[in-house]
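I have placed the structure first, in the form of structure tokens, so that the comments after it can refer back to it.
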Amino acid sequence: MSIDLQPEAEPAVELPRLNRRLLPATKSPVRIVHLGLGAFHRSHQAWYTHQAGDAADWGIAAFTGRRPDAALALAEQDGLFTVVERADAGDSFTVVSSIVEAADGADVQRLAELLAAPATTVVTLTITEAAYRLGPDGQLDRTASDVVADLALLASGSGHPTTPLGRLVLALAARRAAEAGPLAVVCCDNLSSNGTVAHNAVVGMAGAWDEGLADWIDANVSFVSTSVDRITPRTTEEDVALVEAACGYRDNSPVVAEPFSNWVLSGDFPAGRPRWEDAGAVFVADIEPYENRKLWLLNGAHSLLAYAGQLRGHTTVAQALADPLCLQAVEGFWDEAEANLAGGGTAGADLQIPAYRAALLARFSNARIAHHLAQIAMDGSTKLRMRAVPVLEAERAAGRTGAAAALMIASWMDYSSAAVAFQDPLADEVAAANLISGAERIRALLALVDPVLAADAAVVDLIEDLCGTFGERAVSL
Ligand code: CS2
């Protein structure tokens, strides 16, 4: 639904700030709690909720992660914001009203209060791939320093947890105490089997604190897996000015996204959910093929372009894709990924891979979306585990080299030593590995991504040979 908003008064020097008086809709009651209020949540889950036929029944209370800024900016305009859909042909503007409360993630008391309310039946998460803190065994890494710190805080009963997992576990304890009933946790981060990942992380954290709570969560909380998709670059000052000029109101928090969006979900909602299918969401029994298609083809190509592209001096996805060397690398990786999607062959045809690949080329080439490679490059050690490693393993299991998937890992390694500002949860370990030279460096870096692959000398050799493919220029961000 697009709303044509015009300032009511005669042309004024100061435009009205976006506010609910400008909208026909009344505020929906909070029934969804979101952790990870950022641009992607707003262009995706908030957008789907806004478009649902029963949107009037489903308001979102969205909590930020590390900083309160996004909540403060949104709260100033009643949670309202403009989604700018940026197509090749031009922009269109929609005011989204599903976020009815924007809160600082540090306000754990409010989070607990909302989860203790029976009206809250859905919790959605975009807390980043790295925040689930799972070790190589797929279980919570109880030795991670922030996990240790939060567990100590939970055990002492004083002070507030600082990780999203710690905060969620504390709030779930409040729901259990209030006997507020079951609910669904919907993971919207780009991880394979993300419902299982969220389950293991949350139950792992709860169990390390209170076994009874872990049992209660197992019995009452459904972890829904999803595949989420909508390219959403960071909002710029120009975007803010553009909304002002086009819409006639001041919005300090617009979000720009491509017109395409996709949401595939699998799992139970024991206490109800919005009719997201009205906005095009799809509910399936087996999510894995959709998940892999998106994680490998879209996100895998993104990571490859992020590292190769920056090494070649490019700044955005569209620029990198226009470079024949980068495009060739992407096509090569897609060929390897495609061969392993849903077993290839006829099952693969159901996923309409050729059409999906063609659509991706068009989406990535949308030069009006300035999707910065530096934004995608972050947290590579975690992202590569989902984007490169499964394809490399599948290729090798099939008796092939997996050179195109290995090239993604090699370009990450080159980037890790070239980037001026390298951001990663394992940045210290990566820096230490980069002090080593030769094959030992490759082995040490690879061990941070996947210890099993690092023990395979042939893979280490392959990656060492591929390093330097895109040059070794210093990457300044
Ligand atoms: C990107 C994703 O930053 C990244 O790692 O690959 O955010 C990507 O843009 C989205 O998954 C698109 O749906």
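The model shown is predicted, which means the values in this text are computed figures rather than measured ones. What's counted below: heavy atoms across the whole structure, side chains too, no hydrogens, waters or symmetry copies. We count ligands from 1, going down the list as the structure has it; atoms in each ligand are counted the same way.
- Ring-plane geometry between His44 and Trp263 is classed as perpendicular, the angle between the planes exceeding 60 degrees on a 0 to 90 degree scale with a lower cut at 30.
- At a heavy-atom distance under 4.0 Å, only side-chain atoms of Arg387, from C-beta outward, approach ligand 1.
- Residue contacts with ligand 1, taken as heavy atom pairs separated by less than 4.0 Å, involve Asn190 solely via side-chain atoms from C-beta onward.
- Close approach to Lys383 involves these atoms of ligand 1, each under 4.0 Å from a residue heavy atom: 3 (O), 4 (C), 5 (O).
- Counting protein heavy atoms only, atom 2 (C) of ligand 1 is closest to Asn299 ND2, 3.5 Å.
- Looking at Arg230 against ligand 1, only its backbone comes within 4.0 Å, counting heavy atoms.
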Decide side-chain hydrogen bond (donor to acceptor under 3.5 Å, both in side chains) for Arg387 and Ser303; before the verdict, give the C-alpha distance in whole Å, the side-chain angles of both, and the deciding distance to 0.1 Å. CA-CA 8 Å; Arg387 302 178 182 194; Ser303 287; 2.9 Å; yes
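- Ser266 places a side-chain N or O within 3.5 Å of a backbone atom of Ala285 that can act as its donor or acceptor partner.
- Outside the 6.0 Å centre-distance limit, the rings of Tyr48 and Trp276 are not counted as a close aromatic pair.
- Using a 4.0 angstrom heavy-atom cutoff, Lys294 counts as in contact with ligand 1.
- Gln319 contributes no side-chain N or O that, together with a main-chain N or O of His314, makes up a donor-acceptor pair within less than 3.5 Å.
- For ligand 1, the atoms closer than 4.0 angstrom to any heavy atom of His302 are 1 (C), 6 (O), 8 (C), 9 (O).
- Among protein heavy atoms, the minimum distance from atom 13 (O) of ligand 1 is reached at Asp229 OD1, 2.6 Å.
- Residue contacts with ligand 1: His371 is included, with a non-hydrogen atom under 4.0 Å away.
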With a cut-off of 3.5 Å and sequence neighbours excluded, list every side-chain donor-acceptor pair involving residues 221-228.
residue	atom	partner	partner atom	Å
Ser222	OG	Asp268	O	2.6
Ser225	OG	Gly195	N	2.9
Thr226	OG1	Cys187	O	2.5

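- Geometrically, Arg312 does not engage Phe470 in a cation-pi contact defined by less than 6.0 Å to the ring centre and at most 45° from the axis.
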